[in-house]
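See structure below.
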There are 2 protein chains.
Amino acid sequence: MNSNANPQVRGGCARRGGARVSSVSVDTTAPGAYTIGECARRSGFSMDTLRYYERLGLIDDVARTPTGQRRFSDEHLEWLGVLKCLRDTGMPVEQMCRFADLARSGDHTIGERIALLEDHRVAVDERMADLVAKRDYLLGKIDYYRSVLP
Amino acid sequence: MNSNANPQVRGGCARRGGARVSSVSVDTTAPGAYTIGECARRSGFSMDTLRYYERLGLIDDVARTPTGQRRFSDEHLEWLGVLKCLRDTGMPVEQMCRFADLARSGDHTIGERIALLEDHRVAVDERMADLVAKRDYLLGKIDYYRSVLP
DNA sequence: GTTTGCGTTGGAGTTCACTCCAGGTCCTAC
DNA sequence: GTAGGACCTGGAGTGAACTCCAACGCAAAC
């Protein structure tokens, strides 16, 4: 169901990667033009979450068909991969928004973006270290229980 | 609970560091008899969380002074250490309750407790593996940004 | 060409795990 | 004996991150 493998996805919405196809139907196989359902399937976010993120400004420039349906591009999927990484490593949405803002603001924010990601990496490392310690404790507990099994 | 194993907790709570004084005051150094505030300080949970956990049945048999104040014991602190480990490794409260129930129900539940902890350990391992992968992705992102720094 | 289903919106509701509050009692120190 | 702090209760409130809903339009498939 890579979506609309058909002659007219309904207008284009063309989006960026847009194929350099000739005539009518454009983004059939072209990179991009994923419906929200397809995008959800591919990104691992739910459709609701995608809409929610768009409202928050975490996702930008989502194209629309003439009838108002969203069409996500491969760039979006890539960006969603970044968001997923950040979210799944525990970054709060608010900080993701800051990052998205920076990403939107041009190359002069790259330094800030690095700083933000570095800070986050440090936090992740700490969480991982803590997790390792707690996991060991857990193993100890399990071993103990094994040792007293009837 | 061993708690009030004394003539009168009253003066007590005196906390441990306290000298191993002779006469009267008993549970000065005695294991146990921590006020909720002290217990919070030592366990890393907030007082509210301790009360909340007690309501849920996650903490059991908390002794009370004649006027109704809680007195936690060293056993409680140890148990709270377990809860902290479980919580901080992401176990939902409901599952902790199941574990607490098992722990309350006698030795014949040890097998089940092991199973529960093992399941949780597996979940923790998966989360850790995911975290490692995401952290690497993050590092890649940071490196990329470094490479394009103006 | 109609049914089935995917997509739209704004806003309300949910879940989780606390956290706070009011209005009170109690305790320690000065 | 009184001020200030610690603690009590039941219940309400919070914040984060979604998730669901109704009422609708458009799409895809037969």
Side-chain angles (χ1 to χ4, degrees), chain A residues 1-13 25 27-28 33-59 62-72 76 80 83-84 86-98 100, chain B residues 3 8-15 18 25 27-28 33-59 62-72 80 83-84 86-98 100:
Chain A
M1 93 137 76
N2 52 29
S3 317
N4 325 297
N6 58 93
Q8 48 199 29
V9 157
R10 288 306 304 69
C13 98
S25 68
D27 33 48
T28 10
Y34 305 110
T35 62
I36 194 170
E38 179 63 9
C39 184
R41 212 182 56 68
R42 286 179 188 243
S43 69
F45 289 110
S46 72
M47 297 194 312
D48 272 322
T49 299
L50 290 174
R51 286 190 278 248
Y52 167 63
Y53 279 6
E54 192 189 11
R55 274 189 244 179
L56 292 185
L58 274 176
I59 313 173
V62 181
R64 299 290 186 131
T65 63
T67 61
Q69 295 201 354
R70 292 174 182 78
R71 286 299 180 268
F72 293 86
H76 284 123
L80 287 169
L83 291 186
K84 194 145 215 313
L86 297 179
R87 183 193 70 165
D88 289 354
T89 49
M91 182 182 285
V93 161
E94 196 179 325
Q95 210 175 336
M96 293 202 287
C97 286
R98 274 226 324 121
Chain B
S3 313
Q8 44 200 30
V9 163
R10 297 290 312 51
C13 115
R15 170 121 16 322
S25 65
D27 35 43
T28 12
Y34 305 112
T35 62
I36 194 170
E38 179 63 9
C39 183
R41 212 181 57 68
R42 287 179 187 244
S43 68
F45 289 110
S46 73
M47 297 194 312
D48 272 323
T49 299
L50 290 174
R51 285 190 278 248
Y52 167 63
Y53 279 8
E54 193 189 10
R55 271 189 246 181
L56 293 185
L58 274 176
I59 313 174
V62 180
R64 298 291 184 129
T65 64
T67 60
Q69 294 201 359
R70 292 173 182 80
R71 287 298 181 268
F72 293 87
L80 286 169
L83 292 185
K84 194 148 216 313
L86 296 180
R87 183 193 70 167
D88 290 354
T89 49
M91 183 183 284
V93 161
E94 197 179 323
Q95 211 174 336
M96 293 201 285
C97 286
R98 276 224 325 120

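Per chain, numbering begins at 1; letters A, B, ... match sequence-line order.
In this structure, OH of Tyr34(A) is placed 19 Å from C1' of dG7(C), rounded to the nearest angstrom. Rounded to whole Å, the distance from CG on Leu50(A) to C1' on dA17(D) is 14 Å. A straight line from CZ of Phe45(B) to P of dA17(C) spans 12 Å, rounded to a whole angstrom. Rounded to whole angstrom, the span from the CG atom of Leu56(A) across to the P atom of dG10(C) amounts to 14 Å. Between Glu38(B) atom CD and dA6(D) atom P the separation is 12 Å, expressed in whole Å. Rounded to a whole Å, the CE atom of Met47(B) is 13 Å from the P atom of dC21(C). Taking atom CG on Leu83(B) and atom C1' on dA17(C), their separation rounds to 14 Å, with Å as the unit. One interatomic measurement links the two molecules: CD of Gln95(A) to P of dA16(D), which rounds to 13 Å at whole-angstrom precision.
The CZ atom of Phe72(A) lies 5.0 Å from the CG atom of Leu50(A); values are rounded to the nearest 0.5 Å. Separating the NE2 atom in His76(A) from the CD1 atom in Ile59(A) is a distance of 7.0 Å, to the nearest 0.5 Å.
Contact annotation: Arg87(B) reaches the phosphate of dC18(C) (side-chain N/O to OP1 or OP2, under 4.0 Å). At dC18(D), none of the side-chain N or O atoms of Ser46(A) fall inside 4.0 Å of OP1 or OP2 (strictly under the cut-off). In this model, the phosphate group of dT9(C) is not approached by any side-chain N or O of Arg51(A) to a distance below 4.0 Å at OP1 or OP2. Proximity of Thr67(B) to the phosphate of dC27(C): a side-chain N or O atom is located under 4.0 Å from OP1 or OP2. The side chain of Thr35(B) contributes an N or O atom lying less than 4.0 Å from OP1 or OP2 of dC7(D). Contact check, Thr65(A) against dC26(D): no side-chain N or O comes under 4.0 Å of OP1 or OP2.
Of all nucleotides listed (dC8(D), dT19(D), dC18(C)), dC18(C) comes nearest to the side chain of Tyr53(B). Side-chain proximity of Gln69(A) to the nucleotides dA27(D), dT19(C), dC7(D) is greatest for dA27(D). Listed nucleotides dA17(D), dA17(C), dC20(C) differ in distance to Val93(B); the shortest reach to its side chain belongs to dA17(C). Side-chain atoms of Ile36(A) lie closest to dT8(C) of the nucleotides dT19(D), dT8(C), dT19(C). Among the nucleotides dT19(C), dC8(D), dT8(C), the one closest to the side chain of Tyr52(B) is dT19(C). Each of dC18(C), dT19(D), dT8(C) was ranked by its minimum atom distance to the side chain of Arg64(A); first place goes to dT8(C).
Surrounding CZ of Arg98(B) are at most 12 heavy atoms belonging to other residues, nucleotides or ligands under 6.0 Å away.
Contact detail for Gly57(A) and Ala100(A): the closest heavy-atom pair is O-CB, 4.0 Å. Summarising the geometry of Leu80(B) relative to Phe45(B), their closest heavy-atom pair is O-CE1, 3.5 Å, with the distance given to 0.1 Å.
Looking at heavy-atom distances under 4.0 Å, Arg70(B) makes contact with sugar-phosphate atoms alone, never a base.
We find that Glu38(A) and Arg41(A) are joined by a salt bridge, their nearest charged nitrogen and carboxylate oxygen being less than 4.0 Å apart.
A donor and an acceptor atom sit less than 3.5 Å apart, one in the side chain of Arg55(B) and one in the base of dG11(D).
When each of Gly37(B) and Asp48(B) is assigned the nucleotide of DNA chain D with its nearest heavy atom, Gly37(B) is the one assigned upstream, toward the 5' end.
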